[in-house]
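Right, one structure below, let's go through it.
Everything numeric in this text was worked out from a predicted model, so none of it was measured. Numbered from 1 within each chain, the chains take letters A, B, ... in sequence-line order.
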2 protein chains.
Amino acid sequence: MTLAAVARTAGVSVSTASLAFSGLGPVSDATRDKVLAAADTLGYSGPDPRARSLRQGRSGVVGMLVENSVIRAFRDPVNVGMVDGVAEVLGDAGAGVLLLTDAPHARSAFDNAAMDGMVLSGCSPLVAELLESLRRRHIPTVLLGSRARPGVPAVDVDNLTATEQLARRLAELGHRQAATVTLPLDAAGTQFVSPALLAGAGGDTAADRLRGFWSVFPTGVALAATDSTVEEGERIGRLLLDRVDRPTAVVAQSDLLAAGVVRAAEGLGLAVPTDLSVVGFDGIELQTFTSHALTTMRQPMQDKGRTAARTVLRLIEGGRPRSVTLDCEFVPGTTIAPPPP
Amino acid sequence: MTLAAVARTAGVSVSTASLAFSGLGPVSDATRDKVLAAADTLGYSGPDPRARSLRQGRSGVVGMLVENSVIRAFRDPVNVGMVDGVAEVLGDAGAGVLLLTDAPHARSAFDNAAMDGMVLSGCSPLVAELLESLRRRHIPTVLLGSRARPGVPAVDVDNLTATEQLARRLAELGHRQAATVTLPLDAAGTQFVSPALLAGAGGDTAADRLRGFWSVFPTGVALAATDSTVEEGERIGRLLLDRVDRPTAVVAQSDLLAAGVVRAAEGLGLAVPTDLSVVGFDGIELQTFTSHALTTMRQPMQDKGRTAARTVLRLIEGGRPRSVTLDCEFVPGTTIAPPPP
DNA sequence: CTGTTAGCGCGTTCAC
DNA sequence: GTGAACGCGCTAACAG
């Protein structure tokens, strides 16, 4: 069934039939009805999206890349929130979201899919390579959660300042011995993070948050997690709390990590916040504790997604949108207190 | 940049250049190198997916619909697991996943996207309408989590039997007064579920699980939640536990609901499982409790997704795959015990 | 308001 | 092993 066949049956030209479907051009009601009736008779269900997208040079699809597998990415509500925001804005624009991961087996889909634009979230080590591929294909791209590059705007929060604010609260409470649990900093999964390693790292989320921490606690120990999960937080938390120079406060770079640190502390018989202060980052709804409300910095996950989607839409239309930095909001919580005497 | 331009630069015909890229036909190494070199020079990055998909009649994209918004759907790990399974199998097949929701504003994307197939998950009241639209467009479809229809295979677990098994365990422990918290049963959001209402309901997940429950506890009270969340579980749980005929056991139709029921019980000063037995459904990793391990029925979420994806791929290839029913596995947990004397 | 004309960029017959 | 020609189904100009 083609538009041509419908037009023939309706006794009109294809272009008229096309206009009848798109509703864009001036078509008399009578003609439109004739066309629609013919379509109905023939079981024609509207223009073929493939042909339409070839003709228009648009597919109505925007890719969204998340790190790792779908299941790992969506274990973190931050990613879910961002995808939700992207889907919302794109849906309103009549576009669809092609969900992609940076897993090797998804590479072929990434390379061959018809996309009008791309939202690259995360700071996967593959980002540079993927960006290069997108550049060659002239696919407008927005980075979500990493720093802008020439010609590629980014949407993010000010991770450095936000973390600095959290650290400063701890300092103001009297903490001198603070440590931090960072998100993965390099592909190698190095655990003990030195300033030298940080210097070599890019402008990623983990690096910026670490800089914010170190700007307040320049000698604070930093251990990197391999993933943003409660389990990893607990593992690294135990490592930190077992040290002879046990910290009195821990800045975790995500709420999930922070929840793990709290759990590690309680496992060792330490009370939070009396014996140990813990802060997180993200402001997700943690169902892990009922007894604590995590002190953290809430980032606008959905807004990040929405803004990224709007930005990529503008890019697709040929605009030159600028990078956007969104604000975080301090969530007081109940997991910080002055250090034990 | 078109393939034709590359061919011209390389001094070969377009068809030869096409073969050089796809690697399908017989092309001498020398020729292929010439073509690739020309492409590199001109900054050509491979065939245009839009044109390719028109020509081949395939877009390499399979739609996956989840209920509600992305954020609501992915609050439930079951949906995340299913999408992960779908993405994994489709990725291996070189196909991409177009993430769609049944939200009204996403309807245009649903209708206009170029898709080779569709995985419709959930039992949204819109399913019938969406199925009809897909049928007219000749888009092969697989249902995930609802009953097969003529020409539309389904992938699911045996919800009735699985719930029956859970209920039977409770009965065997001596429970006579059991209640159930169901997933949403109708669009109206009716709270008190009568057998008459169930008779009118379709063959959905909620209905099947309820049938399994009633087959063991024919007079058990059934209240429907409006969503599968801990909060809803807690709300309905409180309603159940406040009744004069307070149940000694609750069968919740999802783990999230079950977690809410446990929380409601504890809020009322009831100990689980001493005062109240609770079972869930799904087998997700609940971080809500540390003191309990939920007694539940684990369903293979990722396998459901993988199987659905394999089924839709077979459908796309013109096969006639059958519906698949996967097995659940009982998870003993620590939230059931004999009823209090 | 309607019809005619021309591709969009590619893959795939066929001949050679 | 390679090339020429055709059409996938549609829409955007333009002409009437």
* Which ones in residues 4-12 of chain B lie close to DNA chain C, meaning a heavy atom under 4.0 Å from one of its atoms? -> none

* To do: May I ask you to verify if any side-chain N or O of A:Thr31 is less than 4.0 angstrom from the OP1 or OP2 atom of C:dT2?
  => yes

* Determine: side-chain N/O of A:Ser15 to OP1/OP2 of D:dT11, distance under 4.0 Å, yes or no. => no

* Report yes if a side-chain nitrogen or oxygen of B:Thr2 is closer than 4.0 Å to either non-bridging phosphate oxygen (OP1 or OP2) of C:dC8; otherwise report no. => no

* To do: Report the distance from atom CE of B:Met1 to atom C1' of C:dC8, rounded to the nearest whole Å.
  => 15 Å

* Quick one: does A:Thr101's side chain have a donor or acceptor within less than 3.5 Å of a partner on A:Glu67's backbone? -> no

* Quickly work out the A:Arg137 CZ to C:dG9 C1' distance and round it to whole Å. => 14 Å

* Separation of C:dG9 C1' from A:His138 NE2 (nearest whole Å) -> 15 Å

* Thinking salt bridges, do A:Asp111 and A:Arg136 make one under a 4.0 Å N-O criterion? -> no

* To do: Starting from C1' on C:dC10, measure out to CZ on B:Phe21 and report it in whole angstrom.
  => 12 Å

* Take atom CG of A:Leu19 and atom P of C:dG3, then tell me their distance rounded to the nearest Å. => 10 Å

* Asked: Taking all atoms of both residues into account, what is the closest heavy-atom pair of A:Thr2 and A:Tyr44, and its distance?
  -> C-CE1, 3.6 Å

* To do: Using a strict cut-off of less than 4.0 Å between a Lys/Arg side-chain nitrogen and an Asp/Glu carboxylate oxygen, indicate whether B:Glu317 and B:Arg314 qualify as a salt bridge.
  => no

* To do: Grab the CZ-C1' distance between A:Arg32 and C:dT2 for me, whole Å please.
  => 14 Å

* To do: Take the protein atom CG of B:Leu24 and the nucleotide atom P of C:dT12, then report the distance between them rounded to whole Å.
  => 7 Å

* With the threshold set at 4.0 Å, does a side-chain nitrogen-carboxylate oxygen contact exist between A:Asp92 and A:Arg310? -> no

* To do: Write down the atom of B:Cys123, the atom of B:Thr205, and the distance for their closest heavy-atom approach.
  => SG-OG1, 3.8 Å

* Asked: Contacts to DNA chain D from residues 38-62 of chain B, heavy-atom cutoff under 4.0 Å, which residues?
  -> B:Leu54, B:Arg55

* Structure fact -> For A:Ala95 and B:Ala109, the nearest pair of non-hydrogen atoms, with its separation, is O-CB, 3.4 Å

* Structure fact -> Atom CG of B:Leu3 and atom P of C:dT12 are separated, to the nearest Å, by 12 Å

* Kindly point out which of D:dC10, C:dC1, D:dT2 is positioned nearest to the side chain of B:Thr16? => D:dT2

* **A:Pro26, nearest nucleotide to its side chain (from D:dT2, D:dT11, C:dT2)** => C:dT2

* **SB check A:Arg55 A:Asp48 (cutoff 4.0 Å)** => no

* **Donor-acceptor under 3.5 Å (A:Asn159 side chain, A:Asp208 main chain)** => no

